[in-house]
Structure formats: structure tokens, C-alpha cells
Amino acid sequence: MRTPFPPGSGARLRDELADQVACRFDPELHDGPDVPAGESPEWRSAREEVARQVCAECPLRATSCLAYVRRVRPTRGIWAGLTPEEIAELPDWRSRKAA
């Protein structure tokens, strides 16, 4: 079974959150198919919207997950309800700590 966490990018977070996150039940919803080219733009848009809705109801979205994406900057999937493009626009977590 695939996990919603990219290999090597969040083993500790995965362990900490495994029992609490909804995305663990359907990681492909958040990460997409193994072969992204096989997914139509319409299907991707619909899948991402459902993933965003799941994230919106997650108790860890605004805390652990958002902190994680600010550190790791995933390049694929929906994280804390955000796409990689939206994540890239977030201030880096280090700049926030320095402020």
C-alpha cells in the first residue's frame, strides 16, 4: 500500500500522524495515480477538490501538516489542502522562525 508521504521525506511525521490523518485511508486521492500522465485534467481537478475537502476536515491540517509542507516542500500531491504550486508560494518556515 502506498502512503501519502513521499519516500524519505517524512518518516517521523508519518509515524506521528499515522493514526490521526484521513489521507492515510486513500493516499492515491491525495497523491494521484502512479502514472500521472494517465490522469485527465478533468479527473485530476475533481480528485484534487475531493482531497482538499478531506484536508479541510483534518484536525492536523493547520498544525502538523502545514508545518511539514513548509519544511519539505512536496512537489506532488495535495498537502494541507494545498497543491505544490500553492505550497511553493508559502514563506519558508525558516524565514518565519527568524522573524
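The structure presented is a predicted model; accordingly, all values stated were derived computationally and were not measured. When reading the values below, keep in mind they use all heavy atoms of this one structure, side chains included, and skip hydrogens, waters and symmetry mates.
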statement: Heavy-atom nearest pair, P84 first then P74, reads CB-O, 3.6 Å

task: Please name the pair of heavy atoms, one in R52 and one in T83, separated by the smallest distance, quoted to 0.1 Å.
output: NH2-CG2, 3.1 Å

query: So do the side chains of E28 and D26 get within less than 4.5 Å of each other, counting heavy atoms only?
result: yes

- request: State, to 0.1 Å, how close C55 and I78 come at their nearest heavy-atom pair, and which atoms those are.
  value: SG-CG2, 4.1 Å

- request: Indicate the atoms forming the closest heavy-atom contact of V69 with I87, along with that distance.
  value: O-CG2, 3.7 Å

query: Taking all atoms of both residues into account, what is the closest heavy-atom pair of R47 and P33, and its distance?
result: NE-CD, 4.3 Å

field: Non-hydrogen side-chain atoms of P91 and R70 separated by less than 4.5 Å
entry: yes

query: Honestly curious: do L90 and Y68 fall in one hydrophobic cluster under the side-chain, below-4.5 Å linking rule?
result: yes

field: Which atom of H30 lies closest to which atom of V54, heavy atoms considered
entry: NE2-CG1, 3.8 Å

